Amino acid sequence: MFLLGLTILLVAHLGFIDADPNKEISFSRGAWTDEGMYTSQIKNTIITDHLDLEESTCFVITPLFSVINYMPYQFFGWSSKVSRLTVLLSILLLIALFFFKQNQLKSITLILIPILFFEEHFFHFMHYSLAESIAIIFVFFGCFYLYKSVVQNSLKNIIYCTLFFTCSFLFKIQFLYTLFIVPIFLLMWYFFQKNRETNIPFSLKRMGLIFTLSFIVSLGLYFLVWYLPNKQMIDLVLNYSAETRIIQTGQLNVFGIIMEYLINFKNFFTDSFSSISIVTFFLLFFPLGFVLMFLKKTSLFYQINFLIATSWFILELHKFSMNYLPTRYLLSMYFSMGWIIALVIYEVYKQNLGQISKRKTLATVVTVFSLLLTFHHFKALKRAYDNRSYDIQLANNYFSQYNFDKRPIMGTWASSLLRDSKAITIPFFEDYINHKNIVKRFNPKIIIFEEIEKDVLIKDNIDIVKIADSVVPMKIGKYQLKIAWLK
């Protein structure tokens, strides 16, 4: 059953490997530009035999993601297909490895395949050459070893838990916050089992202390080995994110900040309830999951994992403090929701084996809702399959016929549109990176930009019409680009 599900999942992904990112799942250009940017430094390194950490911020914030792309690029060449297959196959192999090695994950994994892995948002990001989906899988495995740490009271499991959480933020530094899943869970578990008898031979204080020490070691090594040598670039990313993504508090008092957060929270759930199936079914399943926590026959596996998944979901709520919230920022929230739904389905079926008719009725209702959710996923993917476009691939075919005389191609779109070529590509962002002395410093052959990015060139005193041989339009998806060929 598992291999059949995994094969169907793989085949479904293969139909999108060469296609443009799905237009319907995000309002931002996101994967359209970032798939190229987050692999461009590895490509440039192979071409030039030199890693330039200052040409982009992508490598320093996604070191492990860059590493897993390096060897496939060396053996199979650089292309969108190679990068996407690298991410997709890495995720599927990790899932298969844990399925066959960890018996306790088998039932949950079988439920997660239709409920979560075919969910349209997470499905598409599983094959995008971006770090988010694979980082989330490592968070999930870290949560599993958190569960094992509790039931087995084992130092080895705490180390594994720490290792997986560490890998998640090495895939992308923004996942550093997931370390807080552990203290939130331990606090919730303390209050949950305070007046209950449990057969778990462990000390909450001891476990909290060991986790604290292991996280200190992990963060200390990261700080010494990676952060300090790359402090300038990492700080640049963090400061830019804080300035452009988080609710600005300068003009607001405490009440205003809280109201801004609550408005974001309310807007997300009211807008998503009727449009995003995983959110709709989460809001239906979560109350049932909460009730199951207090039934006498509820399994310890469910109780611990439900609290861990809920801790993850609670932690994700901090994102409503952001004023910019594209789909990829919400993927980990969708994953926690899907995991909670899967746990509820698992426990309902487990409790209803051979039980009275009332409980069998509940199992029937859960089955119907689960099938409806799965049907909605496949309906959305069928629509995405029918609406596939190949603008980025066509642009790559177009640019691959040219020789750029080792001169770089500049722009946030450059890396995506020239992934298959031998050109060096370098991004620029307004008031962020590579936005000064663009022409003198890099001597680019082409500058690719949107109209909204024209301010970067104006601030850099670049008269693009004057210095270019030609400026031609190019439409990629819904985006209107300008291709400036320089003299």
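Residue numbers start at 1 and run along the sequence shown. Every value quoted in this text rests on a predicted model; they were computed, and no experiment measured them.
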Tyr334 ring center within less than 6.0 Å of Phe122 ring center: no
Sub-6.0 Å ring centroid separation between Trp312 and Phe335: yes
Partner set under salt bridge (Lys or Arg N to Asp or Glu O under 4.0 Å) for Arg84, not counting sequence neighbours: Glu35
Enumerate, atom names and distances included, each donor-acceptor pair closer than 3.5 Å involving a side-chain atom of residues 467-483, sequence neighbours excluded.
unit_1: Lys475; atom_1: NZ; unit_2: Gly477; atom_2: O; d: 2.5
unit_1: Tyr479; atom_1: OH; unit_2: Arg29; atom_2: N; d: 3.3
unit_1: Lys482; atom_1: NZ; unit_2: Glu451; atom_2: OE1; d: 3.3

Sequence-distant partners of Tyr398, ring-ring contact (aromatic ring centres under 6.0 Å, His included), two or more places apart: Tyr402
Partners meeting side chain to side chain contact (heavy atoms under 4.5 Å, CB included) with Gln74 (sequence neighbours left out): Ile46, Tyr70
Results of salt bridge (Lys or Arg N to Asp or Glu O under 4.0 Å) for Asp271 - residues two or more places apart only: none
Phe27: partners by ring-ring contact (aromatic ring centres under 6.0 Å, His included), with sequence neighbours left out: Tyr324
Set of residues satisfying salt bridge (Lys or Arg N to Asp or Glu O under 4.0 Å) with respect to Asp49, sequence neighbours excluded: none
Proximity of His376 and Phe281 rings by center, below 6.0 Å: no
Check: Phe138 ring centre within less than 6.0 Å of Phe171 ring centre: yes
Pairs flagged by salt bridge (Lys or Arg N to Asp or Glu O under 4.0 Å) wherever residues 108-136 is involved - sequence neighbours left out: Glu132-Lys172
Test side chain to side chain contact (heavy atoms under 4.5 Å, CB included) applied to Thr48 - qualifying residues, sequence neighbours left out: His50, Ile424
Results of side chain to side chain contact (heavy atoms under 4.5 Å, CB included) for Leu10 - residues two or more places apart only: Leu14, Leu88, Leu89, Leu92
Side chain to side chain contact (heavy atoms under 4.5 Å, CB included) partners for Ser66, two or more places apart: Ile42, Phe59, Thr62
Sub-6.0 Å ring centroid separation between His124 and His127: yes
Arg388 charged N/C atom sitting above Tyr390 aromatic ring, 6.0 Å / 45°: no
Salt bridge (Lys or Arg N to Asp or Glu O under 4.0 Å) involving Lys382 - partner list, sequence neighbours excluded: Asp386
